[in-house]
J.: 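Mind having a look at this structure? Questions to follow.
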Amino acid sequence: MEQNSFNITRREFFKLASVGSAVLTASILPWQAFAAPKGNSLNTTVVSMDEIKLAAERLSGNIRRTPVVAGGQLSQYTGVDLHLKLESMQYTGAFKERGALNKMSSMTKGEKARGVIAASTGNHAQGVAYHATRLSLPSTIVMPHGTPNMKVTHTKLLGANVVIHGSTFDDALAFALNKASKDGLTFIHPFEDPLVICGQGTVGLEIMEVLPDLDVLVVPVGGGGLISGCATAAKAIKPTLKIYGVEAKGYSAMRQRLHGQPIVTGGETIAEGIAVHNVGDRTYSIINELVDDVLVVEEGSIEKAISLLFEDRKIVSEGAGAVGVAACIEHGKIFEGKKVATPITGGNIDSRMFATLLNRNLARGGKLVNLRVTSSGQGEVYPEIANLLAKNDALVVNLTYDQIFHATSAKSPSYNLVLETRDMRHAEQLVKDFRASGFKAELIK
């Protein structure tokens with residue numbers, strides 16, 4: 001990224017941003033403000049257990065104290081005594097409400113009258129919009145072009161003035177910061193503001209109140225605000241507690257930074273909520289001090305976690321919300337035999353994507369198969385195919401008829417069957433029965 005000049009120092013940026021009155025020029029590229037510091041020079045004492053308890057008082061009665069539930073079959077599957085904190089049950093479907101509300105509750109009357117502004121493409125936008133409307137504060141959310149229409153619509157319905165600006169999140173963030181300075185608005189940072197961090201830390205506080213004998217806390221990591229607050233609260237209650245962060249493989253900025261590696265991010269991920277290109281100085285300092293390590297999970301593990309959460313516990317999770325469970329699946333040996341808790345940080349997943357992920361997981365387990373059957377003779381074969389399927393208790397999800405690409409002749413068509421089966425052994429037995437009846441049959445993978 002091209003270097004640009006700053007009108008204020010990095011520390012001044014965070015100090016001013018935390019009270020919503022930063023003076024910035026349009027030439028500043030926002031993510032450059034989060035570049036790695038030389039040493040842990042930031043003052044993190046403003047993020048303390050006392051401040052998190054104060055945040056809990058402010059939030060009491062205004063956000064949902066979400067339940068902590070046992071992992072059920074997920075515990076058996078992973079070999080971990082797993083417990084889930086369901087932040088997906090907040091009104092806007094994500095934990096982001098906590099930090100946003102704590103920030104707004106701490107503002108002066110004058111600041112509240114002028115209003116708040118944020119840049120976001122998802123859960124932070126909705127959290128700010130919802131609670132600003134509840135508190136009768138004017139709110140503006142800046143989103144880049146290309147933000148899904150559903151997210152834009154939901155944010156508007158929650159009462160925010162939505163401004164579409166720029167082609168990237170960085171563009172939207174720079175615009176929001178400059179508008180905050182120009183119009184006297186309070187900027188609500190998604191993760192680097194101490195008041196936001198303390199609000200998110202109430203998640204950890206609530207987990208420890210329910211599970212005082214917890215061994216390990218596993219927390220999704222994007223910009224680092226949630227794990228910074230949770231680690232501060234949890235370690236204050238139980239200093240021996242192990243704390244691990246989790247990032248998606250293509251966006252492991254925090255892990256790279258902690259391990260002194262160049263930060264390289266990019267690619268597709270279903271964990272969009274934590275797909276950040278860099279992390280904050282303040283969150284880095286707290287994580288470097290309090291977190292044991294940050295783990296990385298593959299996309300396949302995230303997909304499996306989303307599917308298992310729904311199949312076993314009937315919990316709907318977005319990709320970012322499920323990475324703690326994904327870590328237990330992929331790195332189970334680290335947590336084996338331990339009492340582990342992880343927050344399901346959000347449930348805002350596109351319905352079509354959710355259906356696709358569930359079906360992909362069924363296919364991995366041999367419970368959804370694609371069977372191609374070709375007749376070796378002439379005549380009507382539908383009855384025979386139907387009888388073989390009924391005999392094997394295989395349910396037809398979809399059937400297509402092919403006389404062109406895979407037929408042995410114009411009079412011997414191919415049938416492509418998407419079937420629901422018990423497992424791969426069941427599917428393979430079905431193939432054997434079709435072949436024994438004179439059909440050419442194969443599973444298409």
Side-chain angles (χ1 to χ4, degrees), residues 49 52-53 56 64-90 95 98 200-221 224-247 254-255 258 271 274 286-287 289-298 301-302 304-317 320-347:
M49 184 55 154
I52 292 172
K53 287 181 177 179
R64 182 170 187 180
R65 185 185 174 96
T66 56
V68 176
V69 301
Q73 292 183 21
L74 281 170
S75 295
Q76 299 174 26
Y77 184 85
T78 60
V80 171
D81 182 11
L82 185 59
H83 299 261
L84 311 169
K85 172 73 166 168
L86 303 185
E87 283 300 289
S88 53
M89 295 179 68
Q90 294 294 352
F95 77 97
R98 294 174 180 264
Q200 320 301 32
T202 59
V203 173
L205 183 65
E206 291 175 14
I207 289 173
M208 296 306 297
E209 288 173 353
V210 175
L211 302 171
D213 57 342
L214 191 67
D215 298 313
V216 183
L217 181 60
V218 182
V219 185
V221 176
L226 176 63
I227 193 172
S228 294
C230 286
T232 301
K235 285 280 190 178
I237 294 170
K238 187 175 182 180
T240 59
L241 184 74
K242 295 290 185 180
I243 301 179
Y244 290 88
V246 189
E247 294 178 304
M254 186 65 77
R255 177 176 173 81
L258 289 170
I274 56 172
I286 297 169
I287 292 168
E289 179 183 352
L290 298 178
V291 174
D292 291 271
D293 202 359
V294 174
L295 307 174
V296 172
V297 291
E298 301 280 352
S301 298
I302 304 173
K304 186 175 292 186
I306 292 171
S307 298
L308 291 176
L309 279 164
F310 181 72
E311 291 172 6
D312 294 342
R313 302 297 286 126
K314 301 301 178 281
I315 295 167
V316 176
S317 174
V323 296
V325 175
C328 293
I329 293 171
E330 190 171 330
H331 302 282
K333 289 185 178 180
I334 297 176
F335 312 116
E336 193 172 2
K338 304 291 186 182
K339 190 167 190 174
V340 178
T342 186
I344 306 302
T345 55

J.: Which value, rounded to the nearest 0.5 Å, describes the distance between I207 atom CD1 and T66 atom OG1?
T.: 8.0 Å
J.: Got T78 and F335 here, is their nearest side-chain heavy-atom distance under 4.5 Å?
T.: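 Sidechains of F335 and T78: no contact.
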J.: How long is the gap from CG on L258 to CD1 on I287, to the nearest 0.5 Å?
T.: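 That separation rounds to 6.5 Å.
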J.: What is the distance from atom CG of L74 to atom CD of E311, rounded to the nearest 0.5 Å?
T.: 9.5 Å
J.: If you compare all heavy atoms of K242 against all heavy atoms of D292, which two are closest, and at what distance to 0.1 Å?
T.: CA-OD2, 3.3 Å
J.: Ignoring hydrogens and angles, tell me if any N or O in the side chain of T342 forms a donor-acceptor pair with the backbone of V218 under 3.5 Å.
T.: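 Yes, because the side chain of T342 sits within donor-acceptor range (under 3.5 Å) of the backbone of V218.
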J.: Could you pull out the closest heavy-atom pair between L205 and A56, with the gap in Å?
T.: CD2-CB, 3.9 Å
J.: Nearest 0.5 angstrom please: E298 CD to E330 CD, how far?
T.: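 Nearest 0.5 Å value for the CD-CD distance: 5.0 Å.
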J.: Rounded to the nearest 0.5 Å, how far does CG of L226 lie from CZ of F95?
T.: 4.5 Å
J.: Which heavy atom of G229 sits nearest to which heavy atom of I52, and what is that distance?
T.: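 Result for this residue pair: O-CD1, 3.4 Å.
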J.: A quick test of your reading: do over 12 heavy atoms of other residues, nucleotides or ligands sit less than 6.0 Å from NZ of K53?
T.: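 No - once you tally the heavy atoms of other residues, nucleotides and ligands closer than 6.0 Å, there are 12 at most.
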J.: Measuring from atom CG of D215 to atom NZ of K339, what distance do you get when rounded to the nearest 0.5 angstrom?
T.: 8.0 Å
J.: For the NZ atom on K304, are there more than 12 heavy atoms of other groups (residues, nucleotides or ligands in this structure) within a distance under 6.0 Å?
T.: no
J.: Nearest heavy-atom pair of V210 and V68: which atoms, and what distance?
T.: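 Between these two residues, the closest heavy atoms are CG1-CB, 4.1 Å.
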J.: Do R255 and D293 have side chains that approach each other closer than 4.5 Å (heavy atoms only, starting at C-beta)?
T.: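 Sidechains of D293 and R255: in contact.
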J.: With a 6.0 Å cut-off (strictly less than), is the heavy-atom count around NZ of K338, excluding the residue itself, greater than 12?
T.: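 Result for NZ/K338: open.
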J.: With side chains defined as the heavy atoms from C-beta onward, is the minimum distance between T345 and I274 less than 4.5 Å?
T.: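 Side chain of T345 against side chain of I274, heavy atoms only: no contact under 4.5 Å found.
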J.: Contact between E209 and I237 at the side-chain level, heavy atoms closer than 4.5 Å - yes or no?
T.: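 Counting from C-beta outward, E209 and I237 never come under 4.5 Å.
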J.: How close do V291 and A231 get, counting heavy atoms only, and between which atoms?
T.: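 That closest heavy-atom pairing would be CG2-CB, 4.1 Å.
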J.: Can you check whether V325 reaches I344 side chain to side chain, under 4.5 Å on heavy atoms?
T.: yes
J.: Do you know which two heavy atoms are closest between R64 and Q90, and how far apart they sit?
T.: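 What the structure gives for the nearest pair is O-NE2, 2.8 Å.
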J.: Is there a donor-acceptor pair under 3.5 Å between the side chain of E247 and the backbone N or O of M254?
T.: yes
J.: Using only atom types and a distance under 3.5 Å, with no angle test, would you say the side chain of S75 pairs donor to acceptor with the backbone of L82?
T.: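 Yes, the answer is positive, given that a donor and an acceptor are paired below the 3.5 Å cut-off.
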J.: Is a side-chain N or O of K235 found less than 3.5 angstrom from the main chain of L241, in a donor-acceptor match?
T.: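 Looks like yes, one N/O pair under 3.5 Å.
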J.: Using a 3.5 Å distance criterion without hydrogens, assess whether the side chain of Q200 forms a donor-acceptor pair with backbone atoms of C230.
T.: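 Absent.
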J.: Ignoring hydrogens and geometry, is there a side-chain-to-backbone donor-acceptor pair from H331 to V296 under 3.5 Å?
T.: yes
J.: Report yes or no: does S317 contribute a side-chain atom to a donor-acceptor pair with the main-chain N or O of A322 at less than 3.5 Å?
T.: yes
J.: So L84 and L309, do their side chains get closer than 4.5 Å, heavy atoms only?
T.: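 Yes. Closest side-chain heavy atoms under 4.5 Å.
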J.: Report, as yes or no, whether the 6.0 Å neighbourhood of atom NZ on K314 holds more than 12 heavy atoms from other residues, nucleotides or ligands.
T.: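 For K314, atom NZ is crowded (more than 12 foreign heavy atoms under 6.0 Å).
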J.: As a quick check of understanding, evaluate side-chain contact (heavy atoms from CB on, under 4.5 Å) for I329 and L308, giving each step before the final call.
T.: CA-CA 10 Å; I329 293 171; L308 291 176; 4.0 Å; yes
